[in-house]
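All remarks here apply to the structure that follows.
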Amino acid sequence: MAQDPNNIKDHVELFHQPEYQELFERKQQCEGMAPAEEVSKFAEWTKTWEYREKNFDRKHSVINPAKACQPLGAILAAVGFEETLPFVQGSQGCVAYFRTHFSRHFKEPFNAASSSMTEDAAVFGGMKNLIDGLANSYTLYKPKMIAVSTTCMAEVIGDDLSAFIGNAKNEGAIPEDFPVPFAHTPSFVGSHITGYDNMMKGILSYLTKDQKKESTNGKINFIPGFETYSGNLREMKHLVNAMGVDATILADNEHNLDSANTGEYKMYHGGTPLAAAADSINAEATFALQTYTTSKTRQYIEKEWGQKTAAFRPWGIKATDEFLMALSEATGNPIPAELELERGRAVDAMTDSQAWVHGKKAAIYGDPDLVMGMLQFMLELGIEPVHVLVTNSTKEFEAEAKALLEASPYGQQATVWGGKDLWHLRSLLFTEPVDFLIGNSYGKYLWRDTGTPLIRIGYPLFDRHHLHRYSTIGYNGAINLLNWIVNSVLDELDRNTIVPSKTDISYDLIR
Amino acid sequence: MSTVEDRKQLIKEVLDAYPEKARKKRAKHLGVYEEGKSDCGVKSNKKSLPGVMTARGCAYAGAKGVVWGPIKDMIHISHGPVGCGYYSWSGRRNYYIGTTGVDTFGTMQFTSDFQERDIVFGGDKKLKVIIDELDELFPLNNGFTINSECPIGLIGDDIEAVARQKSKDIGKTVVPVRCEGFRGVSQSLGHHIANDTIRDWVFKPEDEKESTFDSTPYDVAIIGDYNIGGDAWSSRILLEEIGLRVVAQWSGDGTLEEMKLTPNVKLNLIHCYRSMNYISRYMEEKYGIPWLEYNFFGPTKIAESLRAIAAKFDETIQQKAEEVIAKYEPTAKAILDKYTPRLQGKKVMMMVGGLRPRHVVPAFKDLGMEIVATGYEFAHGDDYKRTTDYVKDSTVIYDDVTGYEFEKFAETLEPDLVAAGIKEKYVFQKMGLPFRQMHSWDYSGPYHGYDGFAIFARDMDLALNSPTWDLIKTPWKK
């Protein structure tokens, strides 16, 4: 076959043409691979309980983990502040990877600089790189703030960021009063959510230094957490505005990660004004919308600012209710009719769809807060979580998840798998199948191998477009989650009933 | 604005934004090609400046991500903290045939997930356990590579000793790859390191060639094709059609056995010279295998390359090459007839890794498009020399272009299409400029060979002529 100019076949079809199928057969002759029968035999073996036990016996190997490393979270925290350039101290490959990862998820530019450390920095330390790097970033990209985080390289050699940044200012590389907050974010401790927390704490402690006033500013601070749904930033603002809360968002990366195409490229969009962030120390309280991505920051705020903090997770109906009631209590403002209407619509949608999802068995993996949020919502719908897997787990998360599941009749079948990876999940799905799987794009390999339909909720979302522009929190978020879940179930039902004269008895028009 | 002098002035203006020290250094990496010169006149393969937003990656990306990662029947362990393996997991679209997780492992992420205690006490013991565990869970694997991340080299682990011991224990090839990210100035050193590990840990000096192999006079290997979107396959099909036998693909859809058999071939065919010239030169010295660079982008270069390859063999091959060129010519012409009128005269700016900034130029030219600026992330001097065959007078050349420079050059040069990577894509699209990713083929491909060229032409057209670009301007704003 030569290509037909009117019907050009790309990789999706091209390689299924006979000439390529023959090519693949010829290629096998020199490959030195196991024969097909042996491959099928071992493929079957990986589906067994015996294999599952071996797989769970692993002590040190990690296969397909659902977690990234600290600096990724750090730079996501940084881009929420007004005209802030994230800057990562270490070798440059890290930043290339982070920018790539975020650009693939958000389908947006993601700016961050590296100090490009090489062998000489490994020997002599990274001070020179940091000083030159700050000078170059400051001059070229004209940020209002540079937020420095670290990589494993800088941490292993023990770079002293505080001293280096001081020296950069002494040498005149950047002005004395130019804000350069920093955080140590070693990749061998915690995960991306730890890095988010560390950087947020670093930025806030820097900006609020000596800003404490006698009286409060009457505001409430909101920390979104490692938030990869730009729709959630919008939804949070919507809820907070509707409640009449005078809010400071720490930090607001919505516009940087979901900017308009105007034909003109701008490096910085929106973000929390540095003055507002500095004044956050004088707020009435700080509310976080995620728990495990903000624990150090909240601890710091309580201890150092003497400010009340609370963590909410407004996923699903009840948790959104709680969030709004807390806002109402904090402000004295009633919950407006507008939000009651939204609540009513979301509940209405859930009652409309419940029959299709009630009693469905689910597996879920992701970051601790996302998994908790989804569990809350699934249990409200009557979905029965079976496998609950979190690679970057903590004891606190496991206790919280278990308590939630035990308290619900729909949570009785669930096991919480902390610190496990997606290769463990593969064994779980083969040996104890479920109706669907909730996870990020990497879940597609589990879908392919185990036939468990994947509903994409999480981070990263590389292979579907625009899901991250929607919200998952609040009543509106509940409708989005419901939409994704119930329509995936219905799509799967159609897929399973689509063979004419065989299965299409149940290929119903009305569902 | 097209003369050499105007463009030199543009470079000067762009450089003005830098602090003095950085300006001096960056000035050496920016230039304008002048017709007749044997070099592009830019420095290359030097350290990136801190803080300028380079697009470059690291040695690990070059070794694990590019060279070793696509070898499908081996387990590639990212040794160190979790991030490097996570970010490079399934990122490059190196297509392969196999049952993933059983006999092939290309789209999996194996990591030793270093914790603080591993940094303190070292990771060698852990690594041994990992290899045993993985060998038990994946018995059809044909070997391992251990790809060092930054901390490994800093804490003084001995992965070579682990590799030797485990290779003996499990009876399989285990390759230690010292590709810590801080080594060298870009991915490029990672390619070199990976090439050297093939020489030292795959080719066995004592065995010479594999003697049991049934050779033919027409055996070749494809070197430096990572089968992105299936590129190696749409290349291989042409080589097979002209009567050659392709013994190995390095490394897209490749296997360990294919690499081991390569010392038996008669000719090594190199597509990506930058990342695999090292092992080709070694095979030339050690086994006397000549190598030939070829270019399968666009019908002009494909025909030229097929003839050059055939010229290394006998008349039957040469005859077949002519037949193959003749066979594909009507389709190539039909593609050009369809797309050239839609693309003619369009200006392109490119920035890719170490090969494509020159190699893809003829495919654009075939479609009537013009390259106004091009440059590499991690090329060396020999690449820039080779580039002179591809570019015309007054082409702007940038080496390791920074985010700032790229944006400024585009503002003045006003290209119709920008062709670079994912980190650049949305910057230029926000400027209203059509863009194609030239690393991943923007999730399309293949682009190599005649079949690939049709897709390339289609994709450039859909990028440039999408009606969405016309929507950007708000009608009520003047």
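In this text, all values refer to a predicted model and were calculated from it rather than measured experimentally. Numbered from 1 within each chain, the chains take letters A, B, ... in sequence-line order.
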> Are A:P65 and B:T111 side-chain neighbours, meaning at least one heavy-atom pair lies under 4.5 Å?
Replying inline: yes
Please classify the contact between [X] and chain B as side chain, backbone, both or neither, with a heavy-atom cut-off of under 4.5 Å.
X	result
A:Q28	neither
A:A121	neither
A:M153	both
A:F110	neither
A:V39	both
A:Y141	side chain
A:E31	both
A:D449	side chain
A:A260	backbone
A:S114	backbone
A:D120	side chain
A:L130	neither

Find the distance between [atom1] ([X]) and [atom2] ([Y]) and round it off to the nearest 0.5 Å.
X	Y	atom1	atom2	answer
B:D451	A:L14	CG	CG	5.0 Å
A:L23	B:E241	CG	CD	9.5 Å
B:R93	A:H11	CZ	NE2	4.5 Å
B:S234	A:D10	OG	CG	11.5 Å

Proximity breakdown for [X] and chain A, heavy-atom pairs closer than 4.5 Å:
X	result
B:K21	side chain
B:P139	side chain
B:Y447	neither
B:E240	side chain
B:S88	both
B:I237	both
B:E411	neither
B:C58	both
B:D103	both
B:L49	both
B:T54	both
B:A55	backbone
B:F453	neither

> Among all residues two or more places apart in sequence or in another chain, which pass the side chain to side chain contact (heavy atoms under 4.5 Å, CB included) test with A:N256?
Replying inline: A:V79, A:H269
> For B:S90 and A:Y445, does a side-chain donor sit closer than 3.5 Å to a side-chain acceptor?
Replying inline: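 There is such a pair (donor and acceptor under 3.5 Å, judged by atom type) between the side chains of B:S90 and A:Y445.
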>> Is it the case that the side chains of B:K425 and A:S103 hold a donor-acceptor pair, with the cut-off being a distance below 3.5 Å and no angle test?
In response: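 No, no side-chain donor-acceptor pair sits under 3.5 Å.
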>> Is it true that, when you exclude A:E38 itself, more than 12 heavy atoms of the residues, nucleotides or ligands shown sit nearer than 6.0 Å to its CD?
In response: yes
> Looking at A:P460, A:S259, A:G90, which has the largest count of heavy-atom pairs under 4.5 Å with chain B?
Replying inline: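 The answer is A:S259.
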> What option among A:K59, A:M117, A:Q29, A:K128 has the most heavy-atom pairs under 4.5 Å with chain B?
Replying inline: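 Highest number of pairs under 4.5 Å: A:K59.
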Looking only at atom types and distance, does a side-chain atom of [X] sit under 3.5 Å from a main-chain N or O of [Y], one as donor and one as acceptor?
X	Y	answer
A:Q92	B:V185	yes
A:Y442	B:W89	yes
B:K423	A:R99	no
A:R58	B:L137	no

>> As an exercise: rank B:D253, B:V247, B:T104 by heavy-atom pairs under 4.5 Å with chain A and give me the winner.
In response: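 Top count of heavy-atom pairs under 4.5 Å with chain A: B:D253.
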> Is the B:Y87 ring parallel, tilted or perpendicular to the A:H101 ring (thresholds 30°, 60°)?
Replying inline: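 Judged by the thresholds at 30° and 60°, the geometry between B:Y87 and A:H101 is perpendicular.
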>> Under the rule for salt bridge (Lys or Arg N to Asp or Glu O under 4.0 Å), what residues qualify as partners of B:K25, not counting sequence neighbours?
In response: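 None.
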> Knowing that exactly one of B:K126, B:E133, B:E136 qualifies, which makes a side-chain hydrogen bond (donor to acceptor under 3.5 Å, both in side chains) with A:S61?
Replying inline: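 Among B:K126, B:E133, B:E136, the one meeting side-chain hydrogen bond (donor to acceptor under 3.5 Å, both in side chains) with A:S61 is B:E133.
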